[in-house]
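Residues: numbered from 1 along the sequence shown. In each ligand, atom 1 is the first atom listed, and ligand 1 is the first ligand listed.
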Amino acid sequence: MEGIYKTLPQHTYSWSQGRATFYKYQGFWNVQNFPEKTILAQSYQAQPSDILLCSCPKTGTTWLKALSFAILTREKFDHASASPLLTTLPHDCVLFLENHLAKIKENPSDLPLLATHLPYSSLPKSVIASNCKIVYIYRNIKDVLVSYYHFVRELVNLSVEDAPFEEAFDDFCQGISSFGPYWDHILEYWKASQERPDRFLFLKYEDLKKDASCNVKQLAEFLGCPFSVEEEKAGVLENIINLCSFDSLSNLEVNKSGMYQADEVSGVEHRLFFRKAKDGDWENYFTDEMKEKIDKLIDEKMSGTGLVLK
Ligand code: PAP
């Protein structure tokens with residue numbers, strides 16, 4: 001497998017001092033061990049009852065995992081005092097197919113929830129064949145870019161001064177980012193959803209923020225366990241929204257410390273999954289020219305889809 005890297009297009013962030021080299025594999029960019037991880041993930045035997053939470057990084061994955069987990073386990077745990085979300089990183093409550101296939105196989109959960117950042121075209125064939133449900137979350141491209149920039153910068157331990165945003169911007173616009181091009185990631189899922197609309201739910205990060213109730217109810221319905229009127233009256237929906245909110249999760253001890261093991265070699269500090277969660281943080285980083293360039297790019301890429309990423 002080592003030899004494969006010589007044949008793949010590659011790109012190194014100049015400011016990463018050689019610590020962030022990306023390879024293009026099956027049409028998408030990622031760091032070194034991803035071809036192996038993808039191939040392994042593709043051996044997963046999906047069940048029709050599986051529900052897959054899919055996303056490009058930095059679009060709201062952690063939040064979607066927490067919400068889906070809380071919705072599906074609401075009868076099992078008292079969310080105020082005993083939810084695993086109070087003591088476990090959402091990424092360890094709902095596992096990524098590409099990171100933890102061995103764990104998933106070893107300990108099949110009675111919860112049919114899995115997650116992946118893999119593009120649609122790289123999903124295990126069994127996922128497509130079994131027609132399992134897919135929830136896809138997406139977010140304004142400019143905030144994704146800023147979120148992603150800080151994540152990579154922190155991973156390689158550089159200050160803002162030592163990691164020029166301009167270069168991250170240029171690379172992102174060329175499609176070079178983890179699981180990028182971002183727009184192709186979205187478009188693949190969107191096209192698939194046009195063929196099987198009943199199997200897909202598209203959620204937008206900003207909509208979830210604007211109207212959490214409506215979006216979380218929609219998510220629960222899609223997951224097959226809608227909130228009853230009694231539950232709503234009893235505040236179950238509201239409790240789940242509060243438990244999974246940025247303020248609540250980011251202040252939990254477990255999410256402020258500890259290390260997420262993406263695999264045997266790479267760890268990510270839990271706190272890096274919780275930064276600011278602000279809509280429009282991009283305004284602090286983008287020049288007018290950058291804004292114009294990325295708006296034009298995304299208009300072109302998304303035209304005809306009805307998906308708004310600006
Ligand atoms: P991942 O793909 O690496 O898991 P993901 O969870 O998709 O990352 O995105 C992280 C973003 O979601 C961060 O955005 P920011 O950099 O703009 O701040 C993070 O702060 C935000 N986030 C994490 N948890 C929540 C939450 N509960 N509610 C809203 N936003 C959240």
query = Would Lys58 count as a contact of ligand 1 if the rule is a heavy atom under 4.0 Å away?
reply = yes
ask   = Should Asp198 and Arg196 count as an ion pair when the cut-off is N to O under 4.0 Å?
value = yes
Side chains of Thr38 and Gln26, donor plus acceptor under 3.5 Å = no
ask   = Is the Phe28-Phe179 ring centre distance short of 6.0 angstrom?
value = no
inquiry  = To check your reading of the model: name the closest protein heavy atom to atom 11 (C) of ligand 1, its residue, and the distance in Å.
reply    = Arg139 NH1, 3.8 Å
inquiry  = Contact between Ile298 and Lys142 at the side-chain level, heavy atoms closer than 4.5 Å - yes or no?
reply    = no
query = At a 4.0 Å cut-off, with the gap strictly under it, does some heavy atom of Ser245 reach an atom of ligand 1?
reply = yes
query = Can you find an N or O of Leu249 that's nearer than 3.5 Å to an N or O of ligand 1?
reply = no
Non-hydrogen atom of Asp143 closer than 4.0 Å to ligand 1 = no
query = Looking only at protein heavy atoms, which one is nearest to atom 25 (C) of ligand 1, and how far off is it?
reply = Phe246 CD1, 3.7 Å
query = Are any non-hydrogen side-chain atoms of Asn255 and Thr62 less than 4.5 angstrom apart?
reply = no
ask   = For residues Gln10 and Thr21, is any side-chain donor paired with an opposing acceptor at under 3.5 Å?
value = no
ask   = Measuring from the heavy atoms of Lys209, does anything fall under 4.0 Å of ligand 1?
value = no
message = Considering non-hydrogen atoms of the protein only, which is the closest contact for atom 6 (O) of ligand 1, and what is the distance?
response = Thr62 OG1, 2.4 Å
Min heavy-atom dist Tyr148 to ligand 1 below 4.0 Å = no
request  = Any atoms of ligand 1 less than 4.0 Å from a non-hydrogen atom of Pro57? List them with their elements.
outcome  = 2 (O)
message = Taking distance alone, with N or O pairs closer than 3.5 Å, would you say Lys276 contacts ligand 1?
response = yes
ask   = With His91, which of Phe69, Phe96, Phe274, Trp63 fulfils ring pair (Phe, Tyr, Trp, His ring centres under 6.0 Å)?
value = Phe96
ask   = Taking only heavy atoms of Thr61, which atoms of ligand 1 are found under 4.0 Å from at least one of them?
value = 2 (O), 4 (O), 5 (P), 6 (O), 7 (O)
query = How far is atom 13 (C) of ligand 1 from its nearest protein heavy atom, and which residue and atom name does that atom have?
reply = Ser147 OG, 3.7 Å
message = Are Trp190 and Tyr136 an aromatic pair, judged by ring center distance below 6.0 Å?
response = no
message = Does either side chain, that of Asp281 or that of Asn284, offer a donor lying less than 3.5 Å from an acceptor on the other one?
response = yes
inquiry  = Enumerate the salt bridge (charged side-chain N to carboxylate O under 4.0 Å, His left out) contacts for residues 212-232, please, sequence neighbours excluded, ordered by first and then second residue.
reply    = Arg74-Glu231, Lys217-Glu232
ask   = Between Lys278 and ligand 1, is there a nitrogen or oxygen pair with a distance under 3.5 Å?
value = no
query = At a 4.0 Å threshold, what atoms of ligand 1 neighbour a non-hydrogen atom of Phe274?
reply = 20 (O), 23 (C), 24 (N)
task = Only one of Tyr148, Tyr13, Tyr149, Phe172 passes ring pair (Phe, Tyr, Trp, His ring centres under 6.0 Å) with Phe165; say which it is.
result = Tyr149
task = Determine, using heavy atoms of His91 and all atoms of ligand 1, whether some pair is separated by less than 4.0 Å.
result = yes
ask   = How far is atom 19 (C) of ligand 1 from its nearest protein heavy atom, and which residue and atom name does that atom have?
value = Phe273 O, 3.4 Å
note = Counting from 1 in the order shown, the ligand 1 atoms closer than 4.0 Å to a non-hydrogen atom of Gly60 are 5 (P), 6 (O), 7 (O), 9 (O)
